[in-house]
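The next block holds one structure in the form of structure tokens; read it before the comments.
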Amino acid sequence: QVQLVESGGGSVMAGGSLRLSCPTFGNKDSTNCMGWFRQAPGKEREGIASIYIYSEYTWYSDSVKGRFTVSLNNAGDTVFLQMNSLKPEDTAMYYCAATAPHCSGGYRALLEGAYIYWGQGTQVTVSS
């Protein structure tokens with residue numbers, strides 16, 4: 001059973017930055033996608049970023065494009081979400097998730113249904 005654990009959440013002022021991390025339990029040759037999702041109170045969970053480990057191809061939602069960056073470490077065993085220019089509306093619980101091998105990517109990369117392993121979440125709070 002794969003257990004994902006996110007780290008790096010916290011509280012920050014608007015305009016600030018945070019970096020989240022999560023293990024991939026794979027390496028650079030893995031064909032899984034690793035995704036980042038978030039859920040604000042009273043809202044549905046939203047897919048915001050994803051990376052295909054093997055090629056490091058990335059996908060982003062319009063809400064974070066240009067501000068957030070998803071990346072891997074050199075070994076491919078840790079995925080990061082660098083969050084810059086944070087806004088109060090970015091306040092949410094952030095989740096790391098992994099697909100099965102041979103991730104198809106594309107439009108499915110930001111859909112919950114493509115992911116089979118999930119972390120417990122880490123809280124990000126942005127104050128104005």
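Atom set for the values below is all heavy atoms of this structure, side chains included, hydrogens, waters and symmetry mates excluded.
- Between S21 and F80, the closest heavy-atom pair is CB-CD2, 3.7 Å.
- R45 has its side chain out of reach of M93: every pair of non-hydrogen atoms, C-beta onward, lies at least 4.5 Å apart.
- Residues E6 and G121 approach most closely at OE1-N, 2.8 Å, considering heavy atoms.
- With a 4.5 Å cut-off on side-chain heavy atoms, T91 and V126 count as touching.
- By the rule that hydrophobic residues join a cluster once side-chain heavy atoms approach within less than 4.5 Å of another member, L86 and L81 end up as members of one cluster.
- Between C96 and V79 the shortest side-chain heavy-atom distance falls below 4.5 Å.
- E56 is listed as a side-chain neighbour of I51, based on a closest heavy-atom distance under 4.5 Å.
- Across Y94 and L20, no two heavy atoms sit closer than the pair CB-CD1, 3.6 Å.
- At least one side-chain heavy atom of R38 sits less than 4.5 Å from a side-chain heavy atom of V64.
- Under the 4.0 Å criterion applied to side-chain N and carboxylate O atoms, K87 and D90 are not assigned as salt-bridge partners.
- No continuous path of hydrophobic side-chain contacts links W59 to I53 [ILVMFWY only; heavy atoms under 4.5 Å].
- Put simply, M83 and I48 are part of the same group of oily side chains (I, L, V, M, F, W, Y) that touch within less than 4.5 Å, one to the next.
- Proximity of Y54 to D29: side-chain heavy atoms (C-beta onward) are separated by under 4.5 Å at one or more points.
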> Does the side-chain contact (heavy atoms from CB on, under 4.5 Å) test come out yes or no for N32 and C103, once each step is laid out?
Replying inline: CA-CA 5 Å; N32 310 68; C103 164; 5.6 Å; no
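- Taking the six-membered ring where tryptophan is involved, the planes of Y95 and W118 are perpendicular, since the angle between them exceeds 60° and thus also 30°.
- Within 6.0 Å of CD on Q39 lie more than 12 heavy atoms contributed by other residues, nucleotides or ligands.
- Crowding of Y117 atom OH: a count of heavy atoms from other residues, nucleotides or ligands under 6.0 Å not exceeding 12.
- Taking the side chain as every heavy atom from C-beta outward, F37 and L110 never approach each other to under 4.5 Å.
- In this structure, Y115 and C33 approach most closely via the heavy-atom pair CE2-O, 3.8 Å.
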>> Before you tell me yes or no, could you show the steps for S61 and S63 under side-chain hydrogen bond (donor to acceptor under 3.5 Å, both in side chains), namely the whole-Å CA-CA distance, both residues' side-chain angles and the distance that decides it to 0.1 Å?
In response: CA-CA 5 Å; S61 68; S63 60; 2.8 Å; yes
